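This one's a predicted model, so the numbers in the text were calculated from it and none came from an experiment.
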Amino acid sequence: MINREKLVTRHNPKLAAIDYCSPFTVGNGNFAFTADITGMQTLYSNYEKIFPLCTMAEWAWHTTSRNPNEEGDLILTEYNHVGRTVRYPVDKKLGNEGVYNWLRHNPHKFNLARIFLVANGKEISAEDIVSISQVLHIYEGRLQSNFTVNGQKIMVETICDFETDTLGFSVKADENINIRIAFPYGFHGISASDWSSANKHFSTVQQNAIMRQMDDICYFANFCGTEKISQVDEHIFELDKKEITVNFCEKNFAKNCENNLSFDSLKKRTILGWHKFWQNCGIVDFSQSTDKRAAELERRVILSLYLCRIQSCGNLPPAETGLTLNSWYGRFHLEMHPWHSAFWAIYGNFDLLEKSFAWYKKVLPKAKANAQINGYKGARWQKQVCPNGTDSPSLIAPLLVWQQPHILYMLDLVYKNGNKNVDFLAEYWEIIKETADFMCDFLHYENGQYNLVAPLIPAQEEHNPIKVKNPTFELEYFRYGLKIAVKFANLLNFDELSQNWQKVYEKIAKPSQKNGVYLAHENCPTTFVEFNRDHPSMLGALGFLPKNRVDETIMQQTLQKVLECWQMETMWGWDFAMMSMTANLLGLSNLAVDLLLMETPKNVYLTNGNNFQQTREDLPLYLPGNGSLLWAVAKLLNNLPNGWSANFEGIVIYN
């Protein structure tokens, strides 16, 4: 038996000095609070340009009112798809820029509030803070911050309720230290905060709550533990106690919250919740390994589990920066969903993945409309979306298709690794059917085979959409997705559909190769000369996908070619996990480990565990890197190289 508490706590992240790149976050999967070295957001302006400090919730989305140049319909871009005209929201047309930009920016996630300390009524500066000792107790979901301000020792304890969108703060300090809360206007940028538009929103005290009104949203900050809320400025308030809890929601219930939202009850419930999680999730211990890198890989695994539990298991597919700050206006990207979250089905927590499937049901009508606008059957899943399922105009997003089989793949993971019940599949049958119907209709039959033809952009987003044909990864993924759909249809006795999908599945074109390596797509003979950057997506055809018709010798040569010529600094966090999966399935276990731990700008894991995309100022964290790391590690466990030893529990091992 693994001593899970000992394993987890030895990786508690700690700071003894301010680290603007590595603030700590507490959360519960649907809500998160990112804190500076004080356990609050006291040094907000110091962090703002490097790693904005936000308080975010899944339900907290803001839409700005349109002005005249943002009104009207979006002008779509026309393409020729094997003889018929199709239209997508791709190009920003002259005179239509306002509409295009407004639709890209709205709705967006926003920062609910800044919660911070003041001394003698004044902001505390970074220079005022010394003697720092901060520990994130990840086994308990509790942040403890000790520091000194102007000779006064201060201790702050920060927690996020495991069940509700509630924060708890306990501040041990003299009378001259107080807690304040400030509210910004919503913003689509990385900080999710506009502090310069005070006249666009309203903050009103109502008993032990502050009501917030901002364009299309009204929400409340409900306080427990405080008796008086003093208004300092139009959107800044001071609290009269140093031990408080604040709940954020769309209702005012502060007067009824004393029993279940006091700091003590919050702390007990949070610690119990985290204990239960750590005792039941899949986990791996590398401490008996002789490889010097084992401790670092173990650290990345444990901290990634923590980060994914607070950011990548909510009711919506996660955004690439989760609930920490805004990436791409806070919208989530469906092509990243498995990289964020698929590992949960392998780590014994399939329910944490399945939670987000309800969203696919909710937006299925939008996905069907997305297909029907161009005359396709079924449902075409969006790429860059918000909770209501509206797609985003983009030079790339509307032309991607590799997100299409994801929901089939993830349903299959849950079915195989936890919910082995035909009733479970029946619940999602409409999604399965509509997803597979689109895939079959989107494929073009020509010369005895089904092809993926222009316009489309593959996972490697470097290609001209009108030149792409039969991208290697997408071909194999469509084929595998349809194979899953056929299996589900057979289990549910939809024989006619099963037979129709089977006919397509069996005749999908084979991936193209040249000189013994797989190409990015059929019309790209210069893959390794002109397009040796971004995602080497052809590798996903074996590794991300299980063994299939892909030739293992050719794939091994392809992997070697990528390692020889690819511009590694252009890769993204999940690429290293994808390559590791490929190497592992080819039996190259040493290489699989090397790839996971490769030292390159976008494979950096900071003190707080975040996968940092070092060359991107807009991505100080990148959660698909964390989720894909966990997935790749699980696949490694049955094929560890010399010097590596793993003790693991609750992880399903298969390829």
Side-chain angles (χ1 to χ4, degrees), residues 8 11-13 22-36 39-41 47 51-61 109-115 134-145 156-169 192 219 221 245-249 261 263 266-267 269-278 281 302-327 330 332 340-341 344 349 352-353 355-356 606-611 620-624 626-627 630:
V8 172
H11 297 292
N12 283 339
S22 201
F24 295 155
T25 302
V26 293
N28 59 25
N30 293 304
F31 176 81
F33 175 84
T34 301
D36 62 24
M40 294 189 173
Q41 297 161 339
Y47 284 76
F51 197 123
L53 304 174
C54 294
T55 309
M56 285 188 156
E58 275 201 331
W59 52 265
W61 293 76
K109 288 209 301 289
F110 69 93
N111 182 13
L112 288 160
R114 173 196 173 197
I115 303 172
Q134 187 176 51
V135 182
L136 179 58
H137 298 276
I138 57 175
Y139 192 74
E140 299 179 338
R142 179 174 63 89
L143 178 60
Q144 187 171 334
S145 310
V156 177
E157 193 170 19
T158 310
I159 53 176
C160 174
D161 189 10
F162 204 74
E163 298 176 7
T164 66
D165 299 348
T166 307
L167 296 168
F169 300 95
Y219 69 97
T245 67
V246 53
N247 167 267
F248 293 92
C249 71
L261 291 182
F263 183 84
L266 207 72
K267 183 175 177 179
R269 186 163 64 240
T270 298
I271 291 173
L272 285 173
W274 277 104
H275 284 183
K276 184 178 179 181
F277 167 72
W278 286 115
C281 72
I302 297 301
L303 292 183
S304 293
L305 280 169
Y306 172 80
L307 290 168
C308 290
R309 180 60 186 82
I310 66 173
Q311 311 248 32
S312 299
C313 62
N315 298 315
L316 300 174
E320 280 165 78
T321 51
L323 296 165
T324 308
L325 43 82
N326 269 352
S327 52
F332 40 94
H340 280 281
S341 309
W344 287 124
N349 300 92
L352 295 181
L353 173 60
K355 282 170 63 177
S356 58
L606 300 176
T607 301
N608 57 13
N610 284 329
N611 176 211
L621 75 157
Y622 191 65
L623 290 165
N626 296 94
L630 292 166

Atom [atom1] in [X], atom [atom2] in [Y]: separation rounded to 0.5 Å?
| X | Y | atom1 | atom2 | value |
| --- | --- | --- | --- | --- |
| L623 | S341 | CG | OG | 9.0 Å |
| L621 | T324 | CG | OG1 | 4.5 Å |
| I159 | N28 | CD1 | CG | 12.0 Å |
| D161 | L261 | CG | CG | 6.5 Å |
| F277 | N349 | CZ | CG | 6.0 Å |
| F51 | L325 | CZ | CG | 5.5 Å |

Kindly indicate whether the side chain of [X], heavy atoms from C-beta on, has any atom under 4.5 Å from the side chain of [Y].
| X | Y | result |
| --- | --- | --- |
| R309 | L352 | yes |
| L143 | Q134 | yes |
| F24 | I138 | no |
| V26 | L136 | yes |
| T321 | M56 | no |

Exercise: identify the closest heavy-atom pair between [X] and [Y]:
| X | Y | value |
| --- | --- | --- |
| P13 | L303 | CD-CD2, 3.8 Å |
| T270 | E140 | CG2-O, 3.7 Å |
| Q41 | D36 | C-OD2, 3.2 Å |
| A113 | T55 | O-OG1, 2.9 Å |
| F263 | G168 | CE1-C, 3.6 Å |
| P23 | Y47 | CB-CE2, 4.0 Å |

Donor-acceptor under 3.5 Å ([X] side chain, [Y] main chain):
| X | Y | result |
| --- | --- | --- |
| N30 | N315 | yes |
| E320 | S327 | no |
| K109 | N326 | no |
| T158 | G39 | yes |

Can you list everything that forms a side-chain hydrogen bond (donor to acceptor under 3.5 Å, both in side chains) with H11? Sequence neighbours excluded, please.
E298

Intermediate values then yes/no, side-chain contact (heavy atoms from CB on, under 4.5 Å), L305 and W278
CA-CA 9 Å; L305 280 169; W278 286 115; 3.9 Å; yes

Between F332 and W61, what is the ring plane arrangement, given parallel below 30°, perpendicular above 60°, and tilted in between?
perpendicular

Quick one: do Q311 and N626 satisfy side-chain contact (heavy atoms from CB on, under 4.5 Å)? Show the steps, please.
CA-CA 11 Å; Q311 311 248 32; N626 296 94; over 6 Å; no

Among all residues two or more places apart in sequence or in another chain, which pass the side chain to side chain contact (heavy atoms under 4.5 Å, CB included) test with L606?
C21, S22, V604, N608, F612

Between F248 and F33, is the gap from one ring center to the other below 6.0 Å?
no

Verify whether the ring centers belonging to W274 and Y306 lie closer than 6.0 Å.
yes

